[in-house]
**Q** 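Here it is, the structure, as structure tokens.
Only heavy atoms go into these numbers, but all of them, side chains included; no hydrogens, no water, no symmetry mates. All values derive from a computational prediction rather than experimental measurement. In what follows, residues are counted from 1 in the order of the sequence shown.
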Amino acid sequence: MKDKKGFTIVELLITITLMLLILVLAIVDFNKVSKNKKEDLWQLVKKQIEDAAEDYFTTNEYLFEGLVNGSKGTISVGKLVKEDYINKVVDPITGKTISKCAIVNITKKDDKYNVKFDESSKNSTNVNCDTNNSVVVVEPGGPTATVKAKYNGKEHEKFPSWLNSKHLDPSVVVYPKTNGNGQIVSTVIGGVNGKEYKITDETKGKTLDVVVTNSSGKRYIAFIDYRRDIKPPVGSINIRQKDSWASSNVYLDLTASDNISGINEFVIDKKNKFDGTQSTLTWSKKSLSYSFGSVTYNGDT
């Protein structure tokens, strides 16, 4: 009977090395496949954004009546989301939400809109772009313009997300530019002639059209979104306890409403924030001390 011999240490090491090598190659190949899959998904997401932009311009053709071929413009992802042409989109490569400030470039050719997503803009950090110049179109040979927000006696490049009681006497100001293509013959904001439009209404969301026309009849068209809420919310406080001397926790019933921007939070004693309408306060044997700090809302945070 012959003795059975096992593997030598060298043979075991060679076998283990080969197995590890196969495993490493498998992992590398899997990562490559995964990366390619994410890239394929990104192309689908980008196509969805571009289709949404094309749908917007096709559906709202009346807003760009008479727009000539060769016209170029942009629309922000934030505008497409706001108008329900697309849901909030996530980049499958990074797992992050695509910036509302990311833009799609549009060109009108042969009476059709050609669209292309600007990938360099998908991580933009400009947080207010979805409420400023969300849509801009310039006809060939047309003027351009700079649109600013004016409040508190000063001009600003961007509107805040909400105009509120801190933003006094707000307005939209337009500065047309000829670009050497004929004189400016008209500037119209929200259907009103003039380079400045006073904002007087309270609204959850309003879109103003800006149209600048030169002597050749070529136009600059932009749509400006703003929201304004200057009235504080209405609320009430009720202290609830079983008897004149509390033997257990005392409750505050807080109610508030705001028809424009809604209620954002309750702040009690500048320390504790509660999302609900009922909160418990601590008490002592001598007295119950409380203060109602403020009720804030989306429009004035």
**Q** Before giving the answer on salt bridge (charged side-chain N to carboxylate O under 4.0 Å, His left out), spell out for K206 and D201 the whole-Å C-alpha distance, their side-chain angles and the decisive distance to 0.1 Å.
**A** CA-CA 9 Å; K206 184 173 181 178; D201 59 338; 3.8 Å; yes
**Q** Measuring from L63:CG to T59:OG1, what's the distance to the nearest 0.5 Å?
**A**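 One finds 10.0 Å between CG of L63 and OG1 of T59.
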**Q** Using every non-hydrogen atom in the two residues, find where V136 and A222 come nearest and quote the distance to one decimal.
**A**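 The pair with the smallest heavy-atom distance is CG2-CB, 4.1 Å.
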**Q** Test of understanding: clusters of I, L, V, M, F, W, Y form through side-chain heavy atoms closer than 4.5 Å, transitively. Do V212 and I189 belong to the same one?
**A**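 Per the 4.5 Å side-chain linkage, V212 and I189 are co-clustered.
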**Q** Return yes if a side-chain donor-acceptor contact under 3.5 Å exists between N114 and T107, otherwise no.
**A**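 Looking only at side-chain atoms, T107 and N114 do not form any donor-acceptor pair under 3.5 Å.
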**Q** Rounded to the nearest 0.5 Å, how far apart are CG of L163 and OH of Y226?
**A**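 Here the rounded value is 8.5 Å.
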**Q** Specify the closest pair of heavy atoms between P143 and I184, including all atoms of both residues, with the distance to one decimal.
**A**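 Closest heavy-atom pair between P143 and I184: CB-CD1, 3.6 Å.
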**Q** Check whether any side-chain heavy atom of L80 sits under 4.5 Å from a side-chain heavy atom of I75, and report yes or no.
**A**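 SC-SC contact between L80 and I75 confirmed.
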**Q** Do K100 and V77 touch side chain to side chain, with heavy atoms closer than 4.5 Å?
**A**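 Result no, sub-4.5 Å side-chain heavy-atom pair not found.
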**Q** Between the main-chain N or O of T200 and the side-chain N or O of R228, is there a donor-acceptor pair closer than 3.5 Å?
**A**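 Judged by distance alone, yes, a pair lies under 3.5 Å.
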**Q** Below 6.0 angstrom between ring centroids: does that apply to F64 and F223?
**A**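 Between F64 and F223, the centre distance is under 6.0 Å.
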**Q** With a 4.0 Å cut-off on N to O distance, would you call K116 and E50 a salt bridge?
**A**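 Salt bridge flag = no for E50 with K116.
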**Q** Show, in sequence, the C-alpha distance, side-chain angles and deciding distance for K195 and Y175, and conclude whether the side-chain contact (heavy atoms from CB on, under 4.5 Å) test is met.
**A** CA-CA 7 Å; K195 297 180 181 179; Y175 292 95; over 6 Å; no
**Q** Do I49 and V104 come close enough that some side-chain heavy atom pair is under 4.5 Å?
**A**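 A side-chain contact exists here, since the closest heavy-atom pair is under 4.5 Å.
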**Q** Would you say the side chain of Y220 lies within less than 4.5 Å of the side chain of V137, judging by non-hydrogen atoms?
**A**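 Result no, sub-4.5 Å side-chain heavy-atom pair not found.
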**Q** Please tell me if the side chains of V68 and K108 come closer than 4.5 Å, counting only heavy atoms from C-beta onward.
**A**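 A side-chain contact under 4.5 Å is absent here.
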**Q** Counting distance only, does the side-chain N/O of N164 pair as donor-acceptor with the main-chain N or O of K166 below 3.5 Å?
**A**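 Indeed, once roles are kept as given, a pair shorter than 3.5 Å links the two residues.
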**Q** For the CG atom of D209 and the OH atom of Y197, what is their distance to the nearest 0.5 Å?
**A**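 If I round to the nearest 0.5 Å, the distance is 9.5 Å.
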**Q** Would you mind reporting whether Y151 and I199 have side-chain heavy atoms less than 4.5 Å apart?
**A**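 No, their side chains stay 4.5 Å or more apart.
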**Q** Under a 4.0 Å threshold between the charged nitrogen and the carboxylate oxygen, would K79 count as salt-bridged to D225?
**A**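 K79 and D225: salt-bridged.
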**Q** For the NZ atom on K46, are there more than 12 heavy atoms of other groups (residues, nucleotides or ligands in this structure) within a distance under 6.0 Å?
**A**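 Yes, the 6.0 Å shell around NZ holds more than 12 heavy atoms from other groups.
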**Q** Quick one: does D258's side chain have a donor or acceptor within less than 3.5 Å of a partner on S261's backbone?
**A**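 The answer is yes, because a donor-acceptor pair under 3.5 Å joins these two groups.
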**Q** Do the side chains of N181 and K218 get nearer than 4.5 Å, heavy atoms only?
**A**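 No, side chains not in contact.
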**Q** So if you build clusters from Ile, Leu, Val, Met, Phe, Trp, Tyr with side-chain heavy-atom gaps below 4.5 Å, do L67 and V185 land together?
**A**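 In one cluster: no.
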**Q** Verify the cluster assignment for W42 and V89: are they in a single hydrophobic cluster under the rule of side-chain heavy atoms below 4.5 Å apart?
**A**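 Both belong to a single hydrophobic cluster.
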**Q** Do Q183 and S215 have side-chain N/O donor and acceptor atoms under 3.5 Å apart?
**A**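 There is no such pair (donor and acceptor under 3.5 Å, judged by atom type) between the side chains of Q183 and S215.
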**Q** Can you find a heavy atom in the side chain of V81 that is under 4.5 Å from one in the side chain of N87?
**A**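 No. Closest side-chain heavy atoms not under 4.5 Å.
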**Q** Kindly give the heavy-atom pair with the smallest separation between Q43 and E39, and that separation in Å.
**A**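 So the two residues come closest at NE2-OE2, 2.8 Å.
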**Q** State yes or no: do V173 and V211 share one hydrophobic cluster built from I, L, V, M, F, W and Y residues joined by side-chain heavy-atom distances below 4.5 Å, directly or via other members?
**A**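 Hydrophobic grouping puts V173 apart from V211.
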**Q** Measure the spacing between CH2 of W162 and NZ of K204 and express it to the nearest 0.5 Å.
**A**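 Rounded to the nearest 0.5 Å, the CH2-NZ separation comes out at 8.0 Å.
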**Q** Supply the atom-to-atom distance S71 OG to K109 NZ, rounded to the nearest 0.5 angstrom.
**A**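 Result: 14.0 Å between the selected atoms.
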**Q** Under a 4.0 Å N-O cut-off, is there an ion pair linking R219 with E139?
**A**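 A salt bridge is present here (some side-chain N lies under 4.0 Å from a carboxylate O).
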**Q** Any idea which heavy atoms bring V115 and A53 closest together, and the distance?
**A**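 It is CG1-CB, 4.3 Å.
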**Q** Which pair of non-hydrogen atoms, one from F117 and one from I103, has the smallest distance, and what is that distance?
**A**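 Residues F117 and I103, closest heavy atoms: CD1-O, 3.6 Å.
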**Q** Give a yes or no on whether the backbone of V174 and the side-chain of E196 come within a donor-acceptor separation of less than 3.5 Å.
**A**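 Pair absent, no side-chain N/O of E196 close to backbone of V174.
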**Q** If we ignore hydrogens and angles and just use 3.5 Å, is the side chain of N152 paired with the main-chain N or O of L168 as donor and acceptor?
**A**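 At least one qualifying donor-acceptor pair exists.
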**Q** Would you kindly say whether T74 and N105 are connected by a side-chain donor-acceptor distance under 3.5 Å?
**A**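 There is no such pair between these side chains.
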**Q** Can you measure from CD1 (I224) to CZ (F159) and round to the nearest 0.5 angstrom?
**A**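 CZ of F159 is found 7.0 Å from CD1 of I224.
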**Q** With hydrophobic residues grouped by side-chain heavy-atom distances under 4.5 Å, do V147 and V188 end up in a single group?
**A**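 No; tracing contacts between hydrophobic side chains, which count when under 4.5 Å, never links both residues.
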**Q** Does a donor on one side chain and an acceptor on the other come within less than 3.5 Å for Y85 and E54?
**A**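 There is no such pair (donor and acceptor under 3.5 Å, judged by atom type) between the side chains of Y85 and E54.
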**Q** Apply salt bridge (charged side-chain N to carboxylate O under 4.0 Å, His left out) to residues D169 and K198 and explain how you reach the verdict.
**A** CA-CA 8 Å; D169 195 24; K198 294 287 186 179; 3.3 Å; yes
